[in-house]
J.: 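I am attaching a structure below and will ask some questions about it afterwards.
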Amino acid sequence: MIPLAADIQSALFDPINWVLYLFVAVNYGSIEWLSIFHYWLASAFMYLFLRDLKLGRAAALAGGVAFAFCGFMIAHLGHLPMIPVASWLPLSLLCLRRAYVTSGLGGWAWSIGAGLSMAMAFFAGDAQIFSYRLLAIGLLCLVLLCDTQPFTYKNAAAWAAKGFVAVLVLFGLSAMQLLPSLELSSQSVRSSISYEEASAYSDQPITLLNLLLPRVYGS
């Protein structure tokens, strides 16, 4: 027996799941609708993010559809925690960019929004996809930092402070899930796995060619 509260994949603290638990019968059909809802959420968030980047409505709509129904999202249709985690990514990017371009209290409000959206993604229940999200978010922060005009230590410090607020909100909210999960993971058989075991099925550098030619080594 393991405690569900400590199992991140149970998504016990996801507010959207609580709507399902409290007001809708939890069955196969409602779970399907939950998945469909997150596909819509992914496309809507990406549309808003692309519109914030000054793309036209048609281009933003195409981008939203392309993101929601890309290879990753379709391939993991049956892996429910992965889809909800990924669906929050565009909103996090949107909030961080708005925090960067908005001065005054509005910028700090967007930073808090970024932290809230990242916490929602964390609560959705897949640590691996969440870590990939953090890489994308970190890359955006780096791009925005390099794009600061004029680049001064004061501007860079202000942007770093906004990013810190977002991270603080994320960890402050996610602590209720993160701390029990860390304790549970320390008692897993994987906590003592050797490097040889962990890297047994890792890709070799030559397989990176698959990024350009997916069938170069066969199907």
J.: For a ring-ring contact (aromatic ring centres under 6.0 Å, His included) with Phe45, tell me which candidate from Trp88, Phe67, Tyr39, Trp40 qualifies.
T.: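 The ring-ring contact (aromatic ring centres under 6.0 Å, His included) with Phe45 is passed solely by Trp88 among Trp88, Phe67, Tyr39, Trp40.
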J.: Quick check on the hydrophobic clustering: are Met73 and Ile31 connected, directly or via other members, by side-chain heavy-atom contacts under 4.5 Å?
T.: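 Shared cluster, yes.
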J.: When you measure from the side chain of Ser181 to the backbone of Ala6, do you find a donor-acceptor pair of N or O atoms at a distance under 3.5 Å?
T.: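 Side chain of Ser181 to backbone of Ala6, a donor-acceptor pair under 3.5 Å: yes, one is there.
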J.: Please report the interatomic distance CE(Met120) to CD1(Ile16), rounded to the nearest 0.5 Å.
T.: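 Reported value, rounded in 0.5 Å steps: 4.0 Å.
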J.: Once you round to the nearest 0.5 Å, how far does CH2 of Trp33 lie from CG of Leu20?
T.: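 Rounded to the nearest 0.5 Å, the CH2-CG separation comes to 13.0 Å.
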J.: Could you give me the CA-CA distance, side-chain angles and deciding distance for Val169 and Leu116, then say whether side-chain contact (heavy atoms from CB on, under 4.5 Å) is met?
T.: CA-CA 7 Å; Val169 172; Leu116 289 173; 4.2 Å; yes
J.: For residues 121-140, pull every pair meeting ring pair (Phe, Tyr, Trp, His ring centres under 6.0 Å), keeping only residues two or more places apart or in separate chains.
T.: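 Every pair satisfying ring pair (Phe, Tyr, Trp, His ring centres under 6.0 Å) with a residue in residues 121-140: Phe122-Phe130.
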J.: Of all residues at least two apart in sequence or in a different chain, which pass the side chain to side chain donor-acceptor pair (under 3.5 Å) check with Ser103?
T.: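 Scan of Ser103 (side chain to side chain donor-acceptor pair (under 3.5 Å), adjacent residues dropped) gives none.
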J.: For atom CZ of Phe171, is the number of surrounding heavy atoms from other residues, nucleotides or ligands below 6.0 Å larger than 12?
T.: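 Counting neighbours around CZ of Phe171, 12 or fewer heavy atoms of other residues, nucleotides or ligands fall under 6.0 Å, so no.
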J.: Using a 3.5 Å distance criterion without hydrogens, assess whether the side chain of Ser186 forms a donor-acceptor pair with backbone atoms of Glu183.
T.: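 Such a contact is found between Ser186 side chain and Glu183 backbone.
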J.: Take atom CG in Leu22; do more than 12 heavy atoms of anything else shown fall under 6.0 Å from it?
T.: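 Result for CG/Leu22: enclosed.
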J.: When you measure from the side chain of Ser194 to the backbone of Glu197, do you find a donor-acceptor pair of N or O atoms at a distance under 3.5 Å?
T.: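 Here the side-chain-to-backbone pair exists.
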J.: Do side-chain atoms of Ser35 reach the backbone of Leu80 as a donor and acceptor pair under 3.5 angstrom?
T.: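 Not confirmed, Ser35 side chain does not pair with Leu80 backbone.
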J.: What distance do Arg98 atom CZ and Leu93 atom CG have between them, rounded to the nearest 0.5 Å?
T.: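 Spacing of CZ (Arg98) from CG (Leu93) equals 14.0 Å.
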J.: Between Ser87 (side chain only) and Leu41 (backbone N and O only), is there a donor and an acceptor less than 3.5 Å apart?
T.: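 Such a contact is absent between Ser87 side chain and Leu41 backbone.
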J.: In chain order, what residues pass the side chain to side chain donor-acceptor pair (under 3.5 Å) check against Asn210, with sequence neighbours excluded?
T.: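 For Asn210, no residue satisfies side chain to side chain donor-acceptor pair (under 3.5 Å) once neighbours in sequence are set aside.
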J.: Is Met82 reachable from Phe13 through a run of hydrophobic residues whose side-chain heavy atoms are each under 4.5 Å from the next?
T.: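 Yes, same cluster.
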J.: Treating Trp108 as the side-chain partner and Ala99 as the backbone partner, does any N or O pair qualify as donor plus acceptor under 3.5 Å?
T.: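 No, Trp108 side chain to Ala99 backbone: no donor-acceptor pair under 3.5 Å.
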J.: Under 3.5 Å, is there a donor-acceptor pair between the side chain of Arg97 and the main chain of Asp52?
T.: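 Yes.
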J.: Below 4.5 Å, heavy atoms only, C-beta onward: do His79 and Asp126 meet side chain to side chain?
T.: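 A side-chain contact under 4.5 Å is absent here.
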J.: Show, in sequence, the C-alpha distance, side-chain angles and deciding distance for Leu91 and Phe49, and conclude whether the side-chain contact (heavy atoms from CB on, under 4.5 Å) test is met.
T.: CA-CA 7 Å; Leu91 182 61; Phe49 176 55; over 6 Å; no
J.: Is it the case that over 12 heavy atoms from other parts of the model lie below 6.0 angstrom from the CZ atom of Phe164?
T.: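 Open: at most 12 neighbouring heavy atoms sit under 6.0 Å from CZ of Phe164.
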J.: More than 12 non-hydrogen atoms from neighbouring residues, nucleotides or ligands closer than 6.0 Å to CD1 on Ile206, yes or no?
T.: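 Atom CD1 in Ile206 is not packed in, count stays at 12 or less.
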J.: Can you tell me how far CD1 of Ile83 sits from CD1 of Ile36, rounded to the nearest 0.5 angstrom?
T.: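 Going from CD1 on Ile36 over to CD1 on Ile83, the span is 12.0 Å.
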J.: Let me confirm one number: the CG-CG distance from Leu55 to Leu61, rounded to the nearest 0.5 Å.
T.: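 Going from CG on Leu55 over to CG on Leu61, the span is 11.5 Å.
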J.: Quick one: does Ser188's side chain have a donor or acceptor within less than 3.5 Å of a partner on Leu184's backbone?
T.: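 Not confirmed, Ser188 side chain does not pair with Leu184 backbone.
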